[in-house]
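This report concerns only the one structure given below.
Positions are given from 1, in the same order as the sequence printed here.
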Amino acid sequence: MTQYTSVSPAETGIMTGIVSAGIGYTLAPRKYNLEQLLTQKQDVFEKSFPENVMKNAGKEQRKALDVIIDGRKILKNASKNNSLDSKLAELLNAPKYSKAYRAVKDFLPKARVQTAIVFGIIGALAGVFGRIIFGDKSDV
């Protein structure tokens with residue numbers, strides 16, 4: 001007599017979600033670097049420095065964040081003039097921006113956690129839909 005075990009789409013989704021989250025965690029950088037902070041989209045940047053977290057920041061950290069925001073504005077203007085790469089290289093080599101990055105580095109959320117969550121959700125959805133679409137092919 002043969003025994004069959006059935007795996008539900010939810011179980012498949014959970015399994016693929018966990019595996020995908022692990023892959024996302026290992027592939028992601030530990031934290032955003034200065035170049036990423038200066039060039040990332042505005043909504044991502046705002047999520048990196050939530051207001052409730054920055055309220056607890058000291059005077060030095062707030063000034064450092066203002067320096068980085070100014071650098072982002074400079075890069076935005078440079079992109080209009082097609083000189084983004086040279087201006088970015090200039091800012092990355094400036095001690096002012098390196099010092100500001102070191103001051104706010106501890107406030108940055110870990111990019112690994114964010115990437116793991118995104119990969120986990122995508123993997124879980126792919127697993128669930130794949131299981132539903134392809135179903136159980138062992139009908140004997």
| query | Can you tell me how far the NZ atom of Lys99 sits from the CG atom of Leu34, to the nearest 0.5 Å? | reply | 14.5 Å
| request: Look at the side-chain heavy atoms of Ile, Leu, Val, Met, Phe, Trp and Tyr, link any pair under 4.5 Å apart, and say whether Leu75 and Val104 land in one connected group. | output: yes
| task | List for me each residue that meets salt bridge (Lys or Arg N to Asp or Glu O under 4.0 Å) alongside Glu90, sequence neighbours excluded, and say none if there are none. | result | Lys87
| query | For the side chain of Ser83 and the backbone of Ser86, is there at least one donor-acceptor N/O pair under 3.5 Å apart? | reply | no
| said: According to a hydrophobic-cluster definition based on side-chain heavy atoms being under 4.5 Å apart (Ile, Leu, Val, Met, Phe, Trp, Tyr only), do Tyr101 and Leu92 belong together? | reply: yes
| query | To the nearest 0.5 Å, what is the distance between OG (Ser79) and CD1 (Ile74)? | reply | 12.5 Å
| query | Under 3.5 Å, side chain of Glu46 to main-chain N/O of Asp43, donor-acceptor pair present? | reply | no
What donor-acceptor contacts under 3.5 angstrom involve side-chain atoms of residues 13-21, with partners at least two apart or in another chain?
from, atom 1, to, atom 2, distance (Å)
Thr16, OG1, Thr12, O, 3.0
Thr16, OG1, Gly13, O, 3.2
Thr16, OG1, Gly123, O, 2.8
Ser20, OG, Thr16, O, 2.8

| said: Return the CD to CG distance between Glu35 and Leu91, rounded to the nearest 0.5 Å. | reply: 11.0 Å
| note | All heavy atoms of Ala103 vs all of Glu60, minimum pair found to be CB-OE2, 4.1 Å
Residues 61-73 side chain polar contacts: donor-acceptor under 3.5 Å, at least two apart:
from, atom 1, to, atom 2, distance (Å)
Gln61, OE1, Gly58, N, 3.0
Arg62, NH2, Lys55, O, 3.2
Arg62, NH2, Ala57, O, 2.9
Arg72, NH1, Leu37, O, 2.7
Arg72, NH1, Gln40, O, 3.0
Arg72, NH2, Gln40, O, 3.1
Arg72, NH2, Gln42, OE1, 3.1

